[in-house]
Each structure stands twice: as C-alpha cells, then as structure tokens.
Amino acid sequence: MKRHLHIGGYGPGILTIGEGLTRVASPSFLAAHPALPVIYAVGELSQGWITAYGAEGGTLAPWGERASEGDSPCHVAVHPSGDLLAVAHYGDGVAGLHRLDERGLFTGEPTVLGHQGSGPVADRQEGPHAHQCVFQDDLLYVSDLGTDEIRRYTLDGVALEPIVLPPGTGPRHFAFAGSRLYVAGELDGSVTLVDGERTVRVPASATGAANAPSHLELAGDLVYVANRGPDTISVLRADDLTPVAEVPSGGAWPRHFAVDGERLYVANQNSGGVAVFALKDGVPEPTGEAHEVESPACVLLR
C-alpha cells in the first residue's frame, strides 16, 4: 500500500506530498485513525478546533469539525481502538476527550479536563500548559510543561496521581517502551528515563548550546530527540540514554519528526522545509532531499 506524507504547520494548510495542499487555518498537529482513512487536524487558535478529514487516495476532504474546547490545541492522538480522540491545549492546559463513531467522526459531548498549578520558570510556567496526549495501557497521559507533570486519567476522564518531574523540567513530548517512560524537557534541555525506581537524566544535546527540545520518539533500541537551538537530532541508547550520535537537522528549529523504517523526516519550522534522512544503523544521514513547506510543525506518514 502506498504511504502518503502529510505535513501540517503554521502556513496555509496541510500539504500532502504528491497530492497538493488542503487549505486549513494553522493545522499544527495531525493524527491518523488506526483503521479508517481519516486524519485529524487541530487548529492552534485561541478558540481551538478539530477537523476530521477523509484521506482516501491521499486527497483530504473535510468530513466533520467541532470546537476542541480549549485554547491553542497543539497535539491530537487517537486511541488504538479508534473510538476515542484526545487533544492537548497549550494555552490553558486543558486536555479534551472526544468520542468517535464507527465512521471516525465526532459523536456525543466531549470531556473537558482542566488543570491547575505552576512551576519555577516564571515566564513559561505561570500556569498549566498541556503539550502532548498519549494513550497507554488504557489510560490517558498528558504532559504539562507548566506544572512539571505527566498527568494521568482514566478513559472516562477521572484524574489519577500524576508522574512528577523535577521543577523546571518543562515536559514536552514523551514516549513509552514497556515499563519505561522517556520525556523531553523543553525548559531544561533534558531527556529523562523513568523505569520504576530507576531514573536517568541527561542533556538532550551535547553541543552546550541553549536548547529547547521538541519531539521525542523511540525506534527499536534507540531514542531520537529534536533539539531547537542547536538545530540537531540526537540519537541515544534506549536502555541508559548514552549518546550514539548528534547530527544537524537540515534546517532551523526542528519542531517535529517522523521515523519511517529507514527514513527520518524532520520538520524544520523556522527554515520552512522537511529534510529527509536515511537511517544507517540508526544514525541519520542526509539524502539531499527536502520538501519545501512554510513553517512546518508536524509530519505524519500513513
């Protein structure tokens, strides 16, 4: 089956490589339904929205839209069952749960999960800032940059005890591998591994430059993290976070990336392009290929 590369960002819309542009207002993050030809986009506006697009043949057509119920939605995720969607809002820290019907369209009333709290970094942690939603073991996990927590909820929206990170971490994106949790700290430039009682914490970049890590992803026994400031991609060993490599991201301000087999696609927001790398023994190597996109913020392959 042919896979399509969809790119969302702060430009004019969602670019599907080979299929053209679907005009959308500020589609900062995308997610795919696990079983249906549906792609979801969030609009990062003060009155946020979510749109479901039919994605048959790579061409996107709007099938349904609703308010996201928060300020500046920046991430969207779909439960593996395909009947539940979660949205994280940076502006007010709200996370939302939205039910999906058998067609992958919105149904019923959403569950709005507000939060309170702050952190020690005055200009970034004056209140909650939800940054990513992840479904894991039938719980919803939400990183909160403003409160230094990974919030936890049941799928019915009942709040559980959060995972608390050191003050000033500013958790952004995170990923699970079995019992292991990996977290990129946007505010302190760190990557943290939490595995039961064991915690490992390392700098995300070895360059020594000021760093605001963005996306983090696991592939096999490696952890990849994008470094904004150094403008690099770091590769770490998953078992202990020892460094394997750190390579230029192919542009400026790498906001997001996607690993697809032996390829890595990096969305460099400030230089306006998606750089393509080959992975050789897990280490990114430039291919010279790039897709020109205005202010890309998210890369989705399906």
Side-chain angles (χ1 to χ4, degrees), residues 29 31 74-77 86-90 93 95 113 115 117-121 124-125 127-137 139-153 159-206 210-230 232-244 246 249 254-259 297-298:
F29 211 86
C74 58
H75 192 268
V76 58
V87 181
H89 297 84
Y90 182 83
L113 305 170
H115 195 58
S118 59
V121 182
R124 296 295 308 279
Q125 294 187 308
H129 294 297
H131 230 308
Q132 186 183 28
C133 294
V134 172
F135 290 105
Q136 175 75 9
D137 296 332
L139 293 178
L140 174 66
Y141 291 78
V142 180
S143 57
D144 196 317
L145 180 144
T147 65
D148 293 315
E149 296 170 320
I150 307 293
R151 294 150 51 182
R152 302 191 307 141
Y153 300 91
L160 305 174
E161 283 296 316
I163 299 168
V164 179
L165 294 158
T169 298
R172 185 182 172 97
H173 283 197
F174 62 102
F176 289 94
S179 64
R180 296 174 178 174
L181 168 65
Y182 300 84
V183 185
E186 178 175 340
L187 299 185
D188 68 355
S190 69
V191 176
T192 300
L193 161 61
V194 180
D195 186 10
E197 297 299 316
R198 180 172 75 110
T199 299
V200 180
R201 191 177 180 84
V202 302
S205 170
N211 185 21
S214 56
H215 185 56
L216 177 149
E217 193 166 318
L218 278 91
D221 60 356
L222 298 175
V223 179
Y224 296 84
V225 60
N227 300 304
R228 296 174 301 175
T232 61
I233 303 294
S234 292
V235 186
L236 310 171
R237 297 203 181 280
D239 57 355
D240 58 5
L241 299 185
T242 56
V244 173
E246 184 171 356
S249 68
R255 184 182 175 94
H256 189 253
F257 61 84
V259 179
C298 176

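Values below: all heavy atoms of this structure, side chains included; hydrogens, waters and symmetry mates excluded. Fair warning: this is a prediction, and the values are worked out from it, not measured in the lab.
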Answer whether the closest heavy-atom distance between the side chains of [X] and [Y] falls below 4.5 Å.
X	Y	value
Ser190	Asn211	no
His173	Ser214	no
Glu161	Arg152	yes
Asp144	Ile150	no
Leu187	Thr169	no

- request: Give the intermediate values and the outcome of side-chain contact (heavy atoms from CB on, under 4.5 Å) for residues Ser118 and Thr147.
  value: CA-CA 5 Å; Ser118 59; Thr147 65; 5.8 Å; no
Could you pull out the closest heavy-atom pair between [X] and [Y], with the gap in Å?
X	Y	result
Leu113	Arg151	O-NH2, 3.3 Å
Val142	Ala130	CG1-CB, 3.7 Å
Ala31	Val76	CB-O, 3.5 Å
Leu216	Ala184	CD1-N, 3.8 Å
Ala204	Val191	CB-CG2, 3.8 Å
Ser143	Pro171	CB-O, 3.9 Å

- prompt: Hey, mind stepping through Ser205 and Glu246 against side chain to side chain donor-acceptor pair (under 3.5 Å) and telling me if it holds?
  reply: CA-CA 7 Å; Ser205 170; Glu246 184 171 356; 2.6 Å; yes
- prompt: Are Tyr182 and Thr192 close enough, and set up right, to give a side-chain contact (heavy atoms from CB on, under 4.5 Å), and what steps lead you there?
  reply: CA-CA 6 Å; Tyr182 300 84; Thr192 300; over 6 Å; no
message: Any donor-acceptor pair under 3.5 Å linking the side-chain atoms of Asn227 with those of Thr232?
response: yes
query: For the side chain of Gln125 and the backbone of Leu145, is there at least one donor-acceptor N/O pair under 3.5 Å apart?
result: yes
query: Leu165 and Val183: side-chain contact (heavy atoms from CB on, under 4.5 Å), yes or no, with the steps?
result: CA-CA 9 Å; Leu165 294 158; Val183 185; 3.9 Å; yes
message: Using the salt bridge (charged side-chain N to carboxylate O under 4.0 Å, His left out) criterion, which residues pair with Asp195? Sequence neighbours excluded.
response: Arg180, Arg198
Residue pairs fulfilling salt bridge (Lys or Arg N to Asp or Glu O under 4.0 Å) with at least one residue in residues 183-193, sequence neighbours excluded: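 Found Arg124-Glu186, Arg172-Glu186, Glu186-Arg228, Asp188-Arg201.
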message: Considering only residues two or more places apart or on different chains, which pairs with a residue in residues 232-243 satisfy salt bridge (Lys or Arg N to Asp or Glu O under 4.0 Å)?
response: none
query: Taking the six-membered ring for Trp, is the centroid-to-centroid distance between Tyr141 and Phe135 below 6.0 Å?
result: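 Here the rings of Phe135 and Tyr141 have centres that are no less than 6.0 Å from each other.
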message: Please report whether the ring centroid of Phe29 lies less than 6.0 Å from that of His256.
response: yes
Roughly how far, to the nearest 0.5 Å, is the [atom2] atom of [Y] from the [atom1] atom of [X]?
X	Y	atom1	atom2	answer
Ile233	Tyr224	CD1	OH	10.5 Å
Leu236	Leu222	CG	CG	8.5 Å
Phe257	Glu217	CZ	CD	5.0 Å

- request: Walk me through it: do His115 and Glu149 pass the test side chain to side chain donor-acceptor pair (under 3.5 Å)?
  value: CA-CA 11 Å; His115 195 58; Glu149 296 170 320; 2.8 Å; yes
- prompt: Checking side-chain contact (heavy atoms from CB on, under 4.5 Å) for the pair Leu139/Tyr153: CA distance, chi angles, key distance, verdict?
  reply: CA-CA 6 Å; Leu139 293 178; Tyr153 300 91; over 6 Å; no
